[in-house]
Each structure stands twice: as structure tokens, then as C-alpha cells.
Number of protein chains: 2
Amino acid sequence: MRRSKKERQERLQDTIQTNPFVTDEELAAAFNVSVQTIRLDRMELSIPELRERIKYVAERNMDDEVRSLPIEEVIGDIIDIELDKSAISIFDVKKEHVFMRNGIARGHHLFAQANSLAVAVINDEMALTGKADIRFTRPVREGERIVAKAKVTRMEKLRTMVEVSSFVGSELVFRGEFSMFRAPAAEKDD
Amino acid sequence: MRRSKKERQERLQDTIQTNPFVTDEELAAAFNVSVQTIRLDRMELSIPELRERIKYVAERNMDDEVRSLPIEEVIGDIIDIELDKSAISIFDVKKEHVFMRNGIARGHHLFAQANSLAVAVINDEMALTGKADIRFTRPVREGERIVAKAKVTRMEKLRTMVEVSSFVGSELVFRGEFSMFRAPAAEKDD
DNA sequence: TCCGATATTAGGACTAGGTACTAAAATCAG
DNA sequence: CTGATTTTAGTACCTAGTCCTAATATCGGA
């Protein structure tokens, strides 16, 4: 064993994540183990086979042209959602999100996460932000994980109010009140 | 012949175009010919096999992801700026900025342009957004050009108020009032 | 109507990149 | 040193094909 099984599996996951097009054979060669070991690893990690991975990526691409607002469009990862009630997403602040000069996250990323979550929580064909009242309460830095919590506070015919609070640990870093328009059907075209 | 070979091949091309995920067997059933005929057709039309098609779509998707994710730098091009007074930037709404299903620009891009401009107009080492009161007055669509105009309305010791109005043509699409903190220089890192 | 050309179908051998399973061998940990 | 864990090996089978040969079906013209 070059390294522990655990480490290999972690790196495997990583490798496949960044390059879903890699075959078991290539992986076996890369990690210097047998193809069967790679397959066992994949099974333990529930990583589908090459063709399924490729298909998944391709399907997501197709969706771009047809389907409705998927999870992929949300900034940050939704970890919990109850439509028209509440939702939680996390967003890891990386180098590309901060000002170079001071390492502080640019406001629009926090806004994007919150706004995105406000859109996602709405249980309708379409949701658009009408108004927003937001407040950045503490700068967020690279490496920090922002947990955004959205709560639907009021639902009217056209307008839905969503309150989003974002935290790093237990500290509030952002708060926003979003007034969302919901459109049950298609166009309100110009 | 159910129909002419020519017609079948045209429809075949069409079918595969809109649904690259279809197998030869499914196509054979659909056109009521044998699988072999479909394969001959594909060959004559130089249409690759299912897996190659899927792979192609998936690869395109990978490219997309790499280029669409980072929201970097100043959002929009600044075309005029007078520090601590006013600034103007333009932002062209492209496919990657809109919701797939309705072609309407996602709010955070408008916010990002405005916020970015509010930061840029501040003549100091550093500027951070403290509060913002924003309003989306009209949906913006793919292909439209947003002109954001920022105006510094009040300057206090720590706080600077910036008003940003964004237009498409002569129509107001977004308005925001930003309360910016300038250069508390956040003692920590760098 | 028959003839040749074109079109279609059938079948076999082979491929990649797997799954699912069994079994043996190697390695680790107490 | 023993028992459990991990790794490797090998088999049969799968899908969605390729490539190739050969037989059959159908059409269009003299």
C-alpha cells in the first residue's frame, strides 16, 4: 500500500470530481493499484461508472436549454429546503470571491447567495426579486463558510417576503429582506 | 420503404440533434426500420455513436462551467469615473447571466454591477458595502445592455452614501442606495 | 415483365468500459 | 500467529456500439 485506503479514496473522489472523464484503468494506473480495487473504491464511495458520469454532465448541459430553475442555478449548496417556508445553503468563500487587497469577500457574492436562496425557496414556476433591503454586518474572509438561512415571512398574491440571514459560525454577517414576485405562468414579456 | 431514405435521414438528423441521447435501437423502432439501417444512415450522415455524442455534449458543459462560474474583477466596464463623485459602467447581459427558463437576468448580476461601481467610485484604499436598499424595477433580458450610473450623495467620516441607477436604454431597471464604509483598513491580514 | 441497381436486413466477430460475483492471496493489527 | 481486512484475479454477462459479409427486398427503367 502506497498509502492508506482512506487517502486513496479521498484522492480518487477528488480526481473524478475534477475530471469525470477518467476511466477505471487510468485511475488504477495513476494510483498504482488494480482495476478491481478502483471499482471497489467507487462502489464504497457510490461513484457511478464513467458512462453514467459523462451522461450526468451532459444531461445537466441539456437542461440548460429546457428545464426549469434547477439546483445548479443556486449560488451555494442548498442543504435543506422546504418550499415556501425555509431554506438553508452554504457557500465557501474562496480566493476568487474576495478583494485581492484585503481578502474580504465582495458583497455581491453574499448577496448572490442570499438572493439565490430567496428565489429557490419560492415554490413557483418563476420568481424574481423586486426589492431588497440588505445589510452587511461583518466582513467575511477567504476560507470562511457562510451559512445562509432563508425564511418566508409573508405571502401575498404577487409578493412574497423572504428574510435571509447569513452566518459564519454563530456570527451574523449579512441580513436581507427580499420582496419577491412570483409568476405562476410564462411570459410577462416586454 | 415507409418513406424515402432521404426523408428518413433528414428526420433522423433532426431527431438526434434535439435529443442526442437516443439509441440506434430506439431510432429503429421510431422509424420502423432495422437497427442496421439506422447505422448505415448515421454513417452516411457522419453522425457519431451515442456515447460519442453524449461525451461531446458533456465536454462542452465542462468548458461552460470553467468559464461561467467566476464573477471576477469589476462587474461591467467602467466608462467614466470621477472619484468620490460619480461613475458610469456598462454591462452586457449574456446567456450566462440569465435564468435558463425565462431569459431574465439574475438579480445578483445587476446588484454586482451596481455594488461594484459603488466600490469603485470611492476614492480610498478600501471600500466595503455596509447597507443597501435596492429595487429591481424591470426585468432585464439577455442581449440588453445595462448602463449603471453611480452618484455619491453624502460623505461622512466613515460612511459614504452612493446612489446607483441602472438603465436599459431610457428605462430604469434597477436602483440602489449603498451605504459604503471606507478604509477602516481592517487591521487583520495583509 | 425481367434485370440491375439501390436499399434494407441479418448475422457473426470484436470492442470499451463497465457490473456482479466468487475465490484466492496479500497485508495489517491485536 | 491468527483473524480480519484489503487487494487482486478471474469468470460470465451487459450495452451500445464497430466492421464486415451476405442475403433479401424493393424500385425504376427498357
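What you see is a predicted model; the values in this text were computed from it and never measured. Per chain, numbering begins at 1; letters A, B, ... match sequence-line order. Both backbone and side-chain heavy atoms feed into the values below; hydrogens, waters and symmetry mates do not.
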From [options], nucleotide with atom closest to [X] side chain:
| X | options | value |
| --- | --- | --- |
| Arg39(B) | dT18(D), dG17(C), dT6(D) | dT18(D) |
| Gln36(A) | dG17(D), dG18(C), dT8(D) | dT8(D) |
| Thr23(B) | dA9(D), dA16(D), dG18(C) | dA16(D) |
| Arg8(B) | dT8(C), dA9(D), dT9(C) | dT8(C) |
| Leu40(B) | dT7(D), dT8(D), dT8(C) | dT8(C) |

Please report, rounded to the nearest Å, how far the [atom2] atom of [N] is from the [atom1] atom of [X].
| X | N | atom1 | atom2 | answer |
| --- | --- | --- | --- | --- |
| Lys55(A) | dA16(D) | NZ | C1' | 11 Å |
| Ile54(A) | dA16(D) | CD1 | P | 14 Å |
| Glu52(A) | dC14(D) | CD | P | 17 Å |
| Asn32(B) | dT8(C) | CG | C1' | 12 Å |
| Leu27(A) | dG18(C) | CG | C1' | 13 Å |
| Ile38(A) | dG18(C) | CD1 | C1' | 14 Å |

Is Arg42(A) close enough to dT19(C) that one of its side-chain N or O atoms is under 4.0 Å from OP1 or OP2 there?
yes
May I ask you to verify if any side-chain N or O of Thr37(B) is less than 4.0 angstrom from the OP1 or OP2 atom of dT8(C)?
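No, outside the criterion.
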CZ/Arg135(B): more than 12 non-hydrogen atoms of other groups inside 6.0 Å:
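For Arg135(B), atom CZ is not crowded (no more than 12 foreign heavy atoms under 6.0 Å).
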Should we count CZ of Arg145(A) as having more than 12 external heavy atoms under 6.0 Å?
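Check fails, neighbour count at 12 or below.
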Report yes or no: is there a donor-acceptor pair, N or O only, under 3.5 Å between the side chain of Arg51(A) and the base of dT15(D)?
no
Ile16(B): which of Leu12(B), Asn19(B), Thr18(B) passes side chain to side chain contact (heavy atoms under 4.5 Å, CB included)
Leu12(B)
Base, sugar-phosphate, or nothing for Glu49(B), non-hydrogen atoms under 4.0 angstrom?
sugar-phosphate
Minimal heavy-atom distance between Phe174(B) and Thr137(B), with the atoms involved, is N-OG1, 3.5 Å
Non-hydrogen atoms of Ser116(B) and Arg106(A) that approach each other most closely:
OG-NH1, 4.4 Å
